[in-house]
There are 2 protein chains.
Amino acid sequence: MTGDRRKFRREGEERRREALITAALELIAEGGPAAATVRAIAERAGVTPGLIRHYFQSKDDLTRAAYRALMQRMNTDNAAVLESAPPDPVSRLAAFVAAALRPPVVDPGRMGLWAGFMHQVRKTPEMAAIHAETYLGYRDLLEGLIAALPLPIDAAERRRRAIACNGVIDGLWLEGSALPAAFAPGELERIGLDAVGAILGLRLPSPQLSET
Amino acid sequence: MTGDRRKFRREGEERRREALITAALELIAEGGPAAATVRAIAERAGVTPGLIRHYFQSKDDLTRAAYRALMQRMNTDNAAVLESAPPDPVSRLAAFVAAALRPPVVDPGRMGLWAGFMHQVRKTPEMAAIHAETYLGYRDLLEGLIAALPLPIDAAERRRRAIACNGVIDGLWLEGSALPAAFAPGELERIGLDAVGAILGLRLPSPQLSET
DNA sequence: GCCTCAATTATACACTTGCATAATTGCAGA
DNA sequence: TCTGCAATTATGCAAGTGTATAATTGAGGC
(Lines give C-alpha, C1' and ligand atoms only; values in the text may rest on other atoms or scores of the structure.)
Protein backbone atom coordinates (compact mmCIF):
# COMPACT_ATOMS: atom_id res chain seq x y z
CA MET A 1 0.00 0.00 0.00
CA THR A 2 2.89 2.36 0.65
CA GLY A 3 3.61 3.25 -2.95
CA ASP A 4 5.36 6.35 -1.79
CA ARG A 5 8.75 5.31 -2.98
CA ARG A 6 10.13 7.80 -5.42
CA LYS A 7 9.88 7.01 -9.11
CA PHE A 8 13.06 7.34 -11.14
CA ARG A 9 14.55 6.83 -14.56
CA ARG A 10 17.80 5.12 -15.30
CA GLU A 11 20.28 7.32 -17.07
CA GLY A 12 23.60 6.81 -18.78
CA GLU A 13 26.59 7.16 -16.54
CA GLU A 14 27.95 10.10 -18.49
CA ARG A 15 24.75 12.10 -18.27
CA ARG A 16 24.38 11.56 -14.57
CA ARG A 17 27.94 12.51 -13.81
CA GLU A 18 27.56 15.63 -15.88
CA ALA A 19 24.29 16.56 -14.21
CA LEU A 20 25.82 16.19 -10.78
CA ILE A 21 28.85 18.23 -11.74
CA THR A 22 26.71 20.97 -13.24
CA ALA A 23 24.53 21.08 -10.14
CA ALA A 24 27.60 21.39 -7.93
CA LEU A 25 29.03 24.21 -10.02
CA GLU A 26 25.76 26.11 -10.02
CA LEU A 27 25.42 25.86 -6.28
CA ILE A 28 28.97 27.00 -5.62
CA ALA A 29 28.51 29.92 -8.00
CA GLU A 30 25.30 30.96 -6.28
CA GLY A 31 25.98 30.37 -2.64
CA GLY A 32 29.64 29.58 -2.23
CA PRO A 33 31.22 26.23 -1.40
CA ALA A 34 29.19 25.90 1.77
CA ALA A 35 25.97 25.76 -0.24
CA ALA A 36 27.12 22.78 -2.26
CA THR A 37 26.19 20.07 0.22
CA VAL A 38 25.65 16.52 -0.89
CA ARG A 39 21.92 16.90 -0.33
CA ALA A 40 21.62 20.20 -2.19
CA ILE A 41 23.60 18.90 -5.14
CA ALA A 42 21.44 15.79 -5.36
CA GLU A 43 18.23 17.78 -5.16
CA ARG A 44 19.28 20.15 -7.91
CA ALA A 45 20.31 17.25 -10.10
CA GLY A 46 16.90 15.68 -9.50
CA VAL A 47 18.35 12.72 -7.70
CA THR A 48 18.76 11.23 -4.24
CA PRO A 49 21.88 11.95 -2.15
CA GLY A 50 22.98 8.36 -2.09
CA LEU A 51 23.46 8.34 -5.83
CA ILE A 52 26.36 10.73 -5.59
CA ARG A 53 28.37 8.06 -3.88
CA HIS A 54 27.51 5.67 -6.65
CA TYR A 55 29.21 7.86 -9.23
CA PHE A 56 31.90 9.48 -7.10
CA GLN A 57 34.07 7.94 -4.45
CA SER A 58 33.51 10.86 -2.12
CA LYS A 59 32.32 14.42 -2.10
CA ASP A 60 35.90 15.55 -2.55
CA ASP A 61 36.06 13.39 -5.62
CA LEU A 62 33.01 15.13 -7.03
CA THR A 63 34.54 18.49 -6.19
CA ARG A 64 37.73 17.66 -8.04
CA ALA A 65 35.77 16.45 -11.03
CA ALA A 66 33.74 19.66 -11.02
CA TYR A 67 36.85 21.81 -10.95
CA ARG A 68 38.36 19.84 -13.80
CA ALA A 69 35.18 20.23 -15.83
CA LEU A 70 35.01 23.94 -15.14
CA MET A 71 38.55 24.48 -16.30
CA GLN A 72 37.99 22.42 -19.43
CA ARG A 73 34.91 24.45 -20.29
CA MET A 74 36.79 27.69 -19.88
CA ASN A 75 39.60 26.45 -22.09
CA THR A 76 37.10 25.44 -24.72
CA ASP A 77 35.44 28.83 -24.59
CA ASN A 78 38.74 30.60 -25.05
CA ALA A 79 39.66 28.49 -28.02
CA ALA A 80 36.23 29.06 -29.54
CA VAL A 81 36.80 32.81 -29.57
CA LEU A 82 39.80 32.34 -31.81
CA GLU A 83 37.91 30.01 -34.15
CA SER A 84 35.58 32.78 -35.27
CA ALA A 85 38.15 35.58 -35.28
CA PRO A 86 39.54 37.41 -38.31
CA PRO A 87 42.82 36.03 -39.67
CA ASP A 88 45.13 38.97 -39.07
CA PRO A 89 47.19 38.85 -35.86
CA VAL A 90 46.09 42.20 -34.47
CA SER A 91 42.40 41.41 -34.83
CA ARG A 92 42.89 38.00 -33.29
CA LEU A 93 44.60 39.43 -30.24
CA ALA A 94 41.93 42.12 -29.92
CA ALA A 95 39.16 39.56 -30.13
CA PHE A 96 40.83 37.44 -27.49
CA VAL A 97 41.26 40.31 -25.07
CA ALA A 98 37.80 41.75 -25.60
CA ALA A 99 36.09 38.41 -25.11
CA ALA A 100 37.66 38.02 -21.69
CA LEU A 101 36.39 41.41 -20.56
CA ARG A 102 32.70 41.18 -21.31
CA PRO A 103 29.89 38.85 -20.31
CA PRO A 104 29.56 35.97 -20.01
CA VAL A 105 33.21 35.77 -18.96
CA VAL A 106 32.91 38.85 -16.79
CA ASP A 107 30.27 37.62 -14.38
CA PRO A 108 29.85 37.64 -10.60
CA GLY A 109 28.80 34.02 -10.55
CA ARG A 110 31.83 32.85 -12.45
CA MET A 111 34.06 34.80 -10.15
CA GLY A 112 32.33 33.31 -7.13
CA LEU A 113 33.02 29.92 -8.59
CA TRP A 114 36.65 30.76 -9.12
CA ALA A 115 37.05 32.13 -5.60
CA GLY A 116 35.21 29.20 -4.12
CA PHE A 117 37.70 26.74 -5.52
CA MET A 118 40.73 28.83 -4.72
CA HIS A 119 41.28 27.41 -1.28
CA GLN A 120 41.15 23.80 -2.36
CA VAL A 121 43.44 24.66 -5.25
CA ARG A 122 46.01 25.81 -2.73
CA LYS A 123 45.91 22.67 -0.69
CA THR A 124 45.03 19.75 -2.94
CA PRO A 125 48.01 18.89 -5.16
CA GLU A 126 45.83 17.48 -7.90
CA MET A 127 43.78 20.64 -8.09
CA ALA A 128 46.89 22.76 -7.95
CA ALA A 129 48.18 20.91 -10.97
CA ILE A 130 44.97 21.53 -12.87
CA HIS A 131 45.14 25.19 -12.00
CA ALA A 132 48.75 25.59 -13.06
CA GLU A 133 48.12 23.79 -16.31
CA THR A 134 45.11 25.94 -17.14
CA TYR A 135 46.78 29.20 -16.23
CA LEU A 136 49.93 28.44 -18.16
CA GLY A 137 47.87 27.22 -21.09
CA TYR A 138 45.99 30.49 -21.22
CA ARG A 139 49.19 32.45 -20.99
CA ASP A 140 50.83 30.39 -23.72
CA LEU A 141 47.85 31.02 -25.94
CA LEU A 142 48.23 34.73 -25.34
CA GLU A 143 51.97 34.56 -25.92
CA GLY A 144 51.31 32.77 -29.21
CA LEU A 145 49.03 35.58 -30.32
CA ILE A 146 51.71 38.09 -29.40
CA ALA A 147 54.36 36.11 -31.25
CA ALA A 148 52.30 36.42 -34.42
CA LEU A 149 52.63 40.19 -34.26
CA PRO A 150 55.50 41.98 -36.00
CA LEU A 151 57.30 43.07 -32.85
CA PRO A 152 61.07 43.52 -32.48
CA ILE A 153 61.40 41.69 -29.16
CA ASP A 154 63.17 38.53 -28.12
CA ALA A 155 61.61 35.50 -26.48
CA ALA A 156 62.37 36.53 -22.90
CA GLU A 157 60.87 39.95 -23.39
CA ARG A 158 57.86 38.41 -25.11
CA ARG A 159 57.30 36.19 -22.11
CA ARG A 160 57.33 39.17 -19.76
CA ARG A 161 54.91 41.09 -21.93
CA ALA A 162 52.60 38.11 -22.09
CA ILE A 163 52.62 37.88 -18.30
CA ALA A 164 51.82 41.57 -18.08
CA CYS A 165 48.99 41.34 -20.60
CA ASN A 166 47.62 38.32 -18.83
CA GLY A 167 47.78 40.34 -15.63
CA VAL A 168 45.74 43.22 -17.01
CA ILE A 169 43.15 40.85 -18.37
CA ASP A 170 42.85 38.95 -15.12
CA GLY A 171 42.81 42.05 -12.99
CA LEU A 172 40.17 43.82 -15.04
CA TRP A 173 38.11 40.66 -15.21
CA LEU A 174 38.25 40.39 -11.47
CA GLU A 175 37.28 43.97 -10.81
CA GLY A 176 34.52 43.96 -13.36
CA SER A 177 33.09 40.79 -11.92
CA ALA A 178 33.41 41.82 -8.29
CA LEU A 179 32.04 45.33 -8.78
CA PRO A 180 29.88 45.35 -11.90
CA ALA A 181 28.21 48.63 -11.03
CA ALA A 182 31.53 50.48 -11.09
CA PHE A 183 31.96 50.22 -14.85
CA ALA A 184 29.90 51.31 -17.83
CA PRO A 185 29.08 48.66 -20.43
CA GLY A 186 31.98 48.26 -22.80
CA GLU A 187 34.25 50.31 -20.60
CA LEU A 188 36.37 47.40 -19.38
CA GLU A 189 36.85 46.15 -22.91
CA ARG A 190 38.10 49.48 -24.09
CA ILE A 191 40.41 49.96 -21.12
CA GLY A 192 41.79 46.45 -21.54
CA LEU A 193 42.44 46.84 -25.26
CA ASP A 194 44.21 50.15 -24.71
CA ALA A 195 46.29 48.75 -21.89
CA VAL A 196 47.36 45.64 -23.78
CA GLY A 197 48.10 47.85 -26.75
CA ALA A 198 50.25 50.13 -24.63
CA ILE A 199 52.18 47.22 -23.16
CA LEU A 200 52.88 45.84 -26.63
CA GLY A 201 53.42 49.21 -28.30
CA LEU A 202 50.56 49.08 -30.80
CA ARG A 203 46.95 50.10 -31.18
CA LEU A 204 44.22 47.50 -30.73
CA PRO A 205 40.96 48.42 -32.43
CA SER A 206 37.72 47.42 -30.76
CA PRO A 207 36.63 44.25 -32.55
CA GLN A 208 33.14 44.15 -33.98
CA LEU A 209 31.03 41.48 -32.39
CA SER A 210 31.04 38.41 -34.54
CA GLU A 211 27.62 37.25 -35.65
CA THR A 212 27.61 33.51 -35.61
CA MET B 1 37.27 18.59 44.86
CA THR B 2 36.83 18.72 41.15
CA GLY B 3 39.26 21.53 40.47
CA ASP B 4 39.30 20.67 36.80
CA ARG B 5 37.57 23.80 35.70
CA ARG B 6 39.75 25.79 33.40
CA LYS B 7 41.68 28.74 34.78
CA PHE B 8 41.35 32.00 32.91
CA ARG B 9 42.33 35.65 32.96
CA ARG B 10 39.99 38.55 32.46
CA GLU B 11 41.01 40.72 29.52
CA GLY B 12 39.96 44.06 28.17
CA GLU B 13 37.18 43.94 25.64
CA GLU B 14 39.32 45.41 22.90
CA ARG B 15 42.08 42.85 23.28
CA ARG B 16 39.71 39.91 23.28
CA ARG B 17 37.85 41.10 20.23
CA GLU B 18 41.12 41.62 18.43
CA ALA B 19 42.42 38.20 19.43
CA LEU B 20 39.27 36.53 18.17
CA ILE B 21 39.37 38.44 14.90
CA THR B 22 43.02 37.60 14.36
CA ALA B 23 42.37 33.95 15.08
CA ALA B 24 39.53 33.89 12.57
CA LEU B 25 41.65 35.53 9.87
CA GLU B 26 44.52 33.14 10.42
CA LEU B 27 42.26 30.13 10.17
CA ILE B 28 40.57 31.33 7.01
CA ALA B 29 43.94 32.07 5.45
CA GLU B 30 45.26 28.63 6.31
CA GLY B 31 42.30 26.37 5.71
CA GLY B 32 39.61 28.37 4.01
CA PRO B 33 36.32 29.57 5.48
CA ALA B 34 35.30 26.05 6.43
CA ALA B 35 38.21 25.80 8.85
CA ALA B 36 37.13 28.86 10.79
CA THR B 37 34.57 27.18 13.03
CA VAL B 38 33.52 28.73 16.29
CA ARG B 39 35.40 26.06 18.19
CA ALA B 40 38.59 26.40 16.15
CA ILE B 41 38.59 30.16 16.47
CA ALA B 42 38.12 29.96 20.21
CA GLU B 43 40.88 27.42 20.62
CA ARG B 44 43.36 29.49 18.64
CA ALA B 45 42.47 32.57 20.63
CA GLY B 46 43.07 30.58 23.82
CA VAL B 47 39.48 30.83 24.88
CA THR B 48 36.29 28.82 25.17
CA PRO B 49 33.71 28.78 22.36
CA GLY B 50 31.01 30.37 24.43
CA LEU B 51 33.01 33.54 24.79
CA ILE B 52 32.64 34.35 21.16
CA ARG B 53 28.97 34.90 21.66
CA HIS B 54 29.76 37.22 24.51
CA TYR B 55 31.67 39.58 22.25
CA PHE B 56 29.84 39.02 18.98
CA GLN B 57 26.15 38.61 18.34
CA SER B 58 26.71 35.68 16.02
CA LYS B 59 29.41 34.04 14.00
CA ASP B 60 28.38 36.11 11.01
CA ASP B 61 28.90 39.17 13.13
CA LEU B 62 32.43 38.05 13.90
CA THR B 63 33.01 37.32 10.24
CA ARG B 64 31.94 40.80 9.23
CA ALA B 65 34.14 42.33 11.90
CA ALA B 66 37.07 40.27 10.67
CA TYR B 67 36.58 41.39 7.09
CA ARG B 68 36.37 45.00 8.17
CA ALA B 69 39.57 44.64 10.18
CA LEU B 70 41.37 42.95 7.30
CA MET B 71 40.47 45.73 4.91
CA GLN B 72 41.51 48.39 7.37
CA ARG B 73 44.88 46.73 7.86
CA MET B 74 45.45 46.55 4.14
CA ASN B 75 44.60 50.22 3.73
CA THR B 76 46.99 51.09 6.51
CA ASP B 77 49.76 49.07 4.89
CA ASN B 78 49.27 50.82 1.56
CA ALA B 79 49.38 54.23 3.15
CA ALA B 80 52.52 53.26 5.08
CA VAL B 81 54.35 52.53 1.84
CA LEU B 82 53.87 56.11 0.74
CA GLU B 83 54.98 57.49 4.08
CA SER B 84 58.49 56.22 3.59
CA ALA B 85 58.74 56.89 -0.14
CA PRO B 86 60.92 59.48 -1.89
CA PRO B 87 59.20 62.79 -2.60
CA ASP B 88 59.25 62.81 -6.39
CA PRO B 89 56.06 61.58 -8.12
CA VAL B 90 57.73 58.93 -10.25
CA SER B 91 59.49 57.31 -7.32
CA ARG B 92 56.34 57.39 -5.26
CA LEU B 93 54.35 55.62 -7.93
CA ALA B 94 57.12 53.09 -8.42
CA ALA B 95 57.30 52.39 -4.70
CA PHE B 96 53.55 51.92 -4.56
CA VAL B 97 53.48 49.50 -7.47
CA ALA B 98 56.49 47.51 -6.35
CA ALA B 99 55.21 47.10 -2.81
CA ALA B 100 52.03 45.48 -4.08
CA LEU B 101 53.99 42.94 -6.10
CA ARG B 102 56.33 41.46 -3.53
CA PRO B 103 55.88 39.74 -0.19
CA PRO B 104 54.24 40.16 2.18
CA VAL B 105 51.50 41.48 -0.08
CA VAL B 106 52.07 38.77 -2.64
CA ASP B 107 51.32 35.76 -0.49
CA PRO B 108 49.24 32.61 -0.88
CA GLY B 109 47.71 33.00 2.55
CA ARG B 110 46.57 36.53 1.90
CA MET B 111 45.05 35.47 -1.38
CA GLY B 112 43.28 32.60 0.33
CA LEU B 113 41.88 35.07 2.77
CA TRP B 114 40.71 37.34 0.01
CA ALA B 115 39.10 34.49 -1.91
CA GLY B 116 37.51 33.10 1.20
CA PHE B 117 35.62 36.30 1.81
CA MET B 118 34.65 36.80 -1.81
CA HIS B 119 31.43 34.88 -1.63
CA GLN B 120 30.10 36.68 1.42
CA VAL B 121 31.10 39.96 -0.17
CA ARG B 122 28.84 39.16 -3.05
CA LYS B 123 25.82 38.42 -0.92
CA THR B 124 26.02 40.49 2.24
CA PRO B 125 25.27 44.15 1.46
CA GLU B 126 27.34 45.42 4.36
CA MET B 127 30.38 43.49 3.23
CA ALA B 128 29.82 44.55 -0.35
CA ALA B 129 29.93 48.15 0.80
CA ILE B 130 33.20 47.60 2.62
CA HIS B 131 34.66 45.97 -0.45
CA ALA B 132 33.57 48.73 -2.80
CA GLU B 133 34.89 51.39 -0.47
CA THR B 134 38.27 49.70 -0.13
CA TYR B 135 38.68 49.00 -3.82
CA LEU B 136 37.73 52.51 -4.85
CA GLY B 137 39.94 53.95 -2.12
CA TYR B 138 42.91 52.04 -3.45
CA ARG B 139 42.17 53.13 -6.97
CA ASP B 140 41.77 56.75 -5.93
CA LEU B 141 45.12 56.58 -4.20
CA LEU B 142 46.64 55.27 -7.40
CA GLU B 143 44.89 57.91 -9.47
CA GLY B 144 46.25 60.56 -7.13
CA LEU B 145 49.78 59.32 -7.69
CA ILE B 146 49.19 59.43 -11.42
CA ALA B 147 47.76 62.91 -11.22
CA ALA B 148 51.00 64.09 -9.65
CA LEU B 149 52.90 63.06 -12.77
CA PRO B 150 53.45 65.53 -15.61
CA LEU B 151 51.16 63.84 -18.11
CA PRO B 152 49.16 65.57 -20.85
CA ILE B 153 45.87 63.75 -20.23
CA ASP B 154 42.46 64.87 -19.05
CA ALA B 155 40.56 63.57 -16.04
CA ALA B 156 38.53 60.95 -17.91
CA GLU B 157 41.61 59.50 -19.54
CA ARG B 158 43.43 59.56 -16.23
CA ARG B 159 40.61 57.56 -14.66
CA ARG B 160 40.85 54.93 -17.38
CA ARG B 161 44.59 54.63 -17.01
CA ALA B 162 44.22 54.31 -13.25
CA ILE B 163 41.76 51.48 -13.74
CA ALA B 164 44.16 49.78 -16.12
CA CYS B 165 47.12 50.18 -13.77
CA ASN B 166 45.05 48.89 -10.91
CA GLY B 167 44.15 45.95 -13.11
CA VAL B 168 47.77 45.02 -13.84
CA ILE B 169 48.65 45.27 -10.19
CA ASP B 170 45.71 43.13 -9.11
CA GLY B 171 46.21 40.58 -11.84
CA LEU B 172 49.92 40.15 -11.22
CA TRP B 173 49.34 40.01 -7.48
CA LEU B 174 46.79 37.30 -8.03
CA GLU B 175 48.96 35.21 -10.28
CA GLY B 176 52.02 35.59 -8.13
CA SER B 177 50.08 34.57 -5.07
CA ALA B 178 48.30 31.66 -6.69
CA LEU B 179 51.33 30.26 -8.46
CA PRO B 180 54.42 31.43 -6.63
CA ALA B 181 56.67 28.87 -8.26
CA ALA B 182 55.97 30.28 -11.71
CA PHE B 183 57.90 33.50 -11.13
CA ALA B 184 61.47 34.29 -10.19
CA PRO B 185 62.02 36.58 -7.20
CA GLY B 186 61.65 40.18 -8.26
CA GLU B 187 60.23 39.21 -11.62
CA LEU B 188 56.68 40.30 -10.88
CA GLU B 189 57.89 43.65 -9.61
CA ARG B 190 59.86 44.30 -12.74
CA ILE B 191 57.03 43.22 -15.03
CA GLY B 192 54.53 45.33 -13.12
CA LEU B 193 56.70 48.44 -13.17
CA ASP B 194 57.30 48.09 -16.90
CA ALA B 195 53.61 47.52 -17.60
CA VAL B 196 52.41 50.47 -15.55
CA GLY B 197 55.10 52.55 -17.18
CA ALA B 198 53.94 51.49 -20.63
CA ILE B 199 50.33 52.30 -19.81
CA LEU B 200 51.30 55.77 -18.59
CA GLY B 201 53.97 56.39 -21.23
CA LEU B 202 56.97 56.69 -18.94
CA ARG B 203 59.76 54.64 -17.41
CA LEU B 204 59.47 53.47 -13.83
CA PRO B 205 62.82 52.64 -12.24
CA SER B 206 62.98 49.79 -9.76
CA PRO B 207 62.85 51.44 -6.35
CA GLN B 208 65.58 50.55 -3.85
CA LEU B 209 64.20 48.84 -0.79
CA SER B 210 63.79 51.38 1.96
CA GLU B 211 65.58 50.45 5.18
CA THR B 212 63.35 51.48 8.02
C1' DG C 1 6.25 -12.52 -19.76
C1' DC C 2 9.97 -13.13 -16.79
C1' DC C 3 14.75 -12.65 -14.88
C1' DT C 4 18.59 -10.45 -13.72
C1' DC C 5 21.43 -6.94 -12.34
C1' DA C 6 22.92 -2.52 -12.03
C1' DA C 7 20.90 2.06 -11.09
C1' DT C 8 18.44 4.25 -7.72
C1' DT C 9 16.16 5.13 -3.35
C1' DA C 10 15.61 4.74 1.73
C1' DT C 11 17.32 4.61 6.20
C1' DA C 12 20.51 5.03 9.75
C1' DC C 13 24.75 6.59 12.06
C1' DA C 14 28.52 9.14 13.93
C1' DC C 15 30.19 13.52 13.86
C1' DT C 16 30.32 18.57 13.54
C1' DT C 17 28.26 22.99 13.60
C1' DG C 18 26.28 27.31 15.71
C1' DC C 19 23.82 28.62 19.55
C1' DA C 20 21.38 28.97 24.15
C1' DT C 21 21.69 28.71 28.98
C1' DA C 22 23.32 27.77 33.51
C1' DA C 23 27.20 27.40 36.52
C1' DT C 24 31.62 29.32 37.96
C1' DT C 25 35.31 32.57 39.02
C1' DG C 26 38.62 36.39 38.48
C1' DC C 27 39.07 40.80 40.12
C1' DA C 28 38.03 45.70 41.38
C1' DG C 29 36.21 48.37 45.05
C1' DA C 30 34.56 48.76 49.89
C1' DT D 1 38.80 40.33 53.79
C1' DC D 2 34.64 40.27 51.76
C1' DT D 3 31.13 41.22 48.23
C1' DG D 4 29.19 41.83 43.74
C1' DC D 5 29.28 41.70 39.08
C1' DA D 6 30.78 40.91 34.64
C1' DA D 7 33.94 37.85 32.13
C1' DT D 8 34.54 33.24 31.36
C1' DT D 9 33.67 28.30 31.30
C1' DA D 10 30.74 24.07 31.07
C1' DT D 11 27.04 21.61 29.32
C1' DG D 12 23.45 20.49 26.34
C1' DC D 13 20.72 20.66 22.10
C1' DA D 14 18.64 20.71 17.54
C1' DA D 15 19.97 20.90 12.94
C1' DG D 16 22.93 19.69 9.29
C1' DT D 17 27.07 17.16 7.39
C1' DG D 18 29.26 13.14 4.75
C1' DT D 19 29.00 8.33 4.48
C1' DA D 20 27.80 3.31 4.87
C1' DT D 21 24.50 -0.18 3.93
C1' DA D 22 20.28 -2.46 2.85
C1' DA D 23 16.07 -2.44 0.28
C1' DT D 24 13.76 -1.45 -4.13
C1' DT D 25 12.93 -1.03 -9.03
C1' DG D 26 13.61 0.23 -13.98
C1' DA D 27 14.80 -1.77 -18.18
C1' DG D 28 17.26 -4.71 -21.51
C1' DG D 29 17.94 -9.72 -22.96
C1' DC D 30 15.89 -14.12 -23.30
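Predicted model, so just to flag it, every value in this text is computed and none were measured.
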Next item on the list: Take atom CD1 of B:I41 and atom P of C:dC19, then tell me their distance rounded to the nearest Å.
Entry: 11 Å
Item checked: Residue list, side chain to side chain contact (heavy atoms under 4.5 Å, CB included) with B:N166, at least two apart or on another chain -> A:E175, B:Y135, B:Y138, B:R139, B:L142, B:D170
Checklist line | Electrostatic pair B:R15:B:E13 at N-O distance under 4.0 angstrom | finding: no
Checklist line | ring-ring contact (aromatic ring centres under 6.0 Å, His included) contacts touching residues 11-64 of chain B (sequence neighbours left out) | finding: none
Next item on the list: Can you check each nucleotide of nucleotides 2-18 of chain D against protein heavy atoms at under 4.0 Å and return B for base, S for sugar-phosphate only, - for none, in 5' to 3' order?
Entry: ----BBBBS------BB
Margin query: Can you confirm whether more than 12 heavy atoms, excluding those of B:E43, are under 6.0 Å from its CD atom?
Written below: no
Next item on the list: Anything under 30° is parallel, anything over 60° is perpendicular, the rest tilted; go ahead and classify A:W173 against A:W114.
Entry: perpendicular
